[in-house]
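Atom set for the values below is all heavy atoms of this structure, side chains included, hydrogens, waters and symmetry mates excluded. What you see is a predicted model; the values in this text were computed from it and never measured.
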Amino acid sequence: MIPVLLAAVAAALPLTSAHIAFWHPSIYGFNVTEQTFPYDNRPVVPLQDMTFQEWWFHNHLAYPPNPGDVFEFPAGKAATAELACNKGATTWFNSSEGGDIRNGNDPCPGSPPSEYHTTGFNDLKGCAMAIAYEPDVTKIQPEDFVVFSVNQTCVWNRFTDFQVPARMPTCPEGGCHCAWFWIHSPDSGSEQIYMNGFKCEITGASSTVPLAKPKVARRCGADPDHGKPDPVPGNCTYGAKQPLYWLQKERNNEFEDAQAPPFYNDVYNFLDGAQNDIFEDSYPNGIPDPSPEQTIIPTPVNAAVAAPTSTPSSAAASASASSSSSSPSPSAASTTSTGGPRPSARGFRRFTGSPRAGVPRKTWTQSRKMR
């Protein structure tokens, strides 16, 4: 009887469109609809093969948030974001075109996980929050954003926690700009990037040390799917890193093909949680140039940052960390809780072995030269 009732409830939920966005009144394009542009440019629409103007801030710079609409990140704590296929599945359903379709912590009510590009929990690849300490959005360039928080179980929950480094400094007068970034698994749907830019503030800051100039992330973690069972820590980018700009017509900083995407996880040394080694004084002894032959692994100060482990970070291993975000948040705004290579495929050879069962894959024979 219970399965029948559950099936009836699921059938009654309206199907939402695929894809995911970060939703909050602070985002650029919060009220953009399918009719606003000559093409569908809603915040949930993925970005692929676009000009810089089209993909940067989702081409929503002409649709800024209202004054006072700001998302807060508390230094040393967690901020809870809402990720969903449709604004109607979020706290702000009353300004959506389809009304209230919320279903607890479900990011995509009425839709299977394939609609948000995953075959299941173990196929999650992570997403990131990045920040630029610049109040004038027209001055921000891709190289200005620094990734400061990663959630490797993204996107599985509507309410998703992002841990904030305790040493984040206060934003300048006029505030900061942040952006949410996501690249999904190649096992469920064609590849794209996702970006939603928004106004943000750091609250409860006690440090004045600036963030370091970010560098491009390099592929260095264990990657068995592509013939690399072991990590190459010497090839990692350490410290402040730029987001992964990929698959566009211009301004890319990653150049993988669509079957070997870059991810916000250990493969690119984006460890789960707060990125605690992104400050100017994080590496007082410097950071050696990364390469597969590099044997010196830099050690940060004022941060508990470990080198990549011998096996890739599994989304399942982060399940306990994500449990705090598995229950709906009571707040409409961001909530806080205590508690706590080209970069890209440099040097790895695409293999021609058997793909995982049931997952069609290309075969690869080309090598990429490390720079």
Side-chain angles (χ1 to χ4, degrees), residues 20-31 43 57-58 60 63-84 87 90-95 105 107 127-137 140 144-151 154-155 157-182 195-211 240 243 264 272-276 278-279 321-322 324-325 327-340:
I20 294 281
F22 163 69
W23 292 101
H24 188 266
S26 61
I27 71 169
Y28 286 75
F30 182 69
N31 290 314
F57 272 75
H58 220 294
H60 287 161
Y63 301 88
N66 293 321
D69 285 336
V70 176
F71 189 89
E72 295 183 346
F73 288 100
K77 299 180 181 179
T80 301
E82 291 195 42
L83 309 177
K87 196 197 299 187
T90 74
T91 298
W92 303 278
F93 65 87
N94 58 349
S95 64
N105 205 22
C127 64
M129 289 290 185
I131 190 168
Y133 277 73
E134 174 55 64
D136 185 348
V137 71
I140 301 173
D144 296 327
F145 272 123
V146 177
V147 172
F148 68 94
S149 186
V150 168
N151 188 310
C154 207
V155 293
N157 298 310
R158 168 188 163 197
F159 296 104
T160 300
D161 282 353
F162 289 90
Q163 299 292 332
V164 183
R167 302 182 68 220
M168 293 291 284
T170 303
C171 291
E173 184 177 355
C176 293
H177 278 88
C178 292
W180 174 77
F181 293 92
W182 175 47
M195 175 188 187
N196 301 120
F198 56 101
K199 289 286 293 181
C200 62
E201 288 280 359
I202 301 297
T203 62
S206 59
S207 174
T208 58
V209 178
L211 274 58
Y264 294 100
D272 198 34
Q275 309 299 290
N276 292 315
I278 59 175
F279 305 97
S322 67
S324 62
S325 63
S327 300
S329 165
S331 173
S334 66
T335 60
T336 64
S337 62
T338 38

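Annotation for Met195 and Ala179: closest pair CE-CB, 4.0 Å, computed over non-hydrogen atoms. Minimum interatomic distance between Asn151 and Asp161 (heavy atoms only, all atoms of both residues): ND2-O, 2.8 Å. The shortest non-hydrogen separation linking Pro165 to Gln275 is CG-O, 3.5 Å. Among all heavy-atom pairs drawn from Ala240 and Val146, the shortest one is CB-CG1, 3.9 Å. Considering every non-hydrogen atom in both Phe145 and Pro243, the closest pair reads O-CD, 3.5 Å. Taking both residues in full, the closest heavy atoms of Val150 and Asp272 are given as O-OD1, 3.4 Å, listed atom of the first, atom of the second, then distance.
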Inset, instruction - Please step through side chain to side chain contact (heavy atoms under 4.5 Å, CB included) for the pair Trp182 and Leu83, ending with a clear verdict. - result: CA-CA 11 Å; Trp182 175 47; Leu83 309 177; over 6 Å; no

Legend entry - His60 vs Phe30, side chain to side chain contact (heavy atoms under 4.5 Å, CB included): CA-CA, chis, key distance, verdict: CA-CA 9 Å; His60 287 161; Phe30 182 69; over 6 Å; no

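Residue Phe71 holds its CZ atom at 12.5 Å from CH2 of Trp180, rounded to the nearest 0.5 Å. In this structure, CD1 on Ile202 lies 4.0 Å from CD1 on Ile131, to the nearest 0.5 angstrom. Here the CZ-OG1 distance, from Phe159 to Thr91, works out to 5.0 Å after rounding to the nearest 0.5 Å. Arg167 contributes atom CZ, which lies 4.5 Å from atom OG of Ser207 (distance to the nearest 0.5 angstrom). Glu201 CD to Thr170 OG1: the interatomic distance, rounded to the nearest 0.5 Å, is 8.5 Å.
Asn66 pairs by the side-chain contact (heavy atoms from CB on, under 4.5 Å) definition with Asp69, not counting sequence neighbours. A search for side-chain contact (heavy atoms from CB on, under 4.5 Å) contacts involving Pro64 returns Tyr28, not counting sequence neighbours. Remark: Ala21 pairs with Trp23, Pro43, Val44, Asn196 by the side-chain contact (heavy atoms from CB on, under 4.5 Å) rule, at least two apart or across chains.
Within the 4.5 Å cutoff, the side chain of Tyr133 has heavy atoms near those of the Met168 side chain. With contacts defined as side-chain heavy-atom distances shorter than 4.5 Å, the pair Pro169/Thr208 does not qualify. For the pair His58 and Ile27, the minimum side-chain heavy-atom distance is 4.5 Å or more.
Ring pair Phe22/His24 is parallel by interplanar angle, where below 30° counts as parallel and above 60° as perpendicular. Taking the six-membered ring for Trp and thresholds of 30 and 60 degrees, Phe73 and Phe198 have ring planes inclined between 30 and 60 degrees apart.
No donor-acceptor pair closer than 3.5 Å links the side chain of Lys199 to the backbone N or O of Pro67.
Disulfide check for Cys154/Cys127 passes, with the SG atoms closer than 2.5 Å. For a disulfide, the SG atoms of both cysteines must be under 2.5 angstrom apart; this holds for Cys176 and Cys171.
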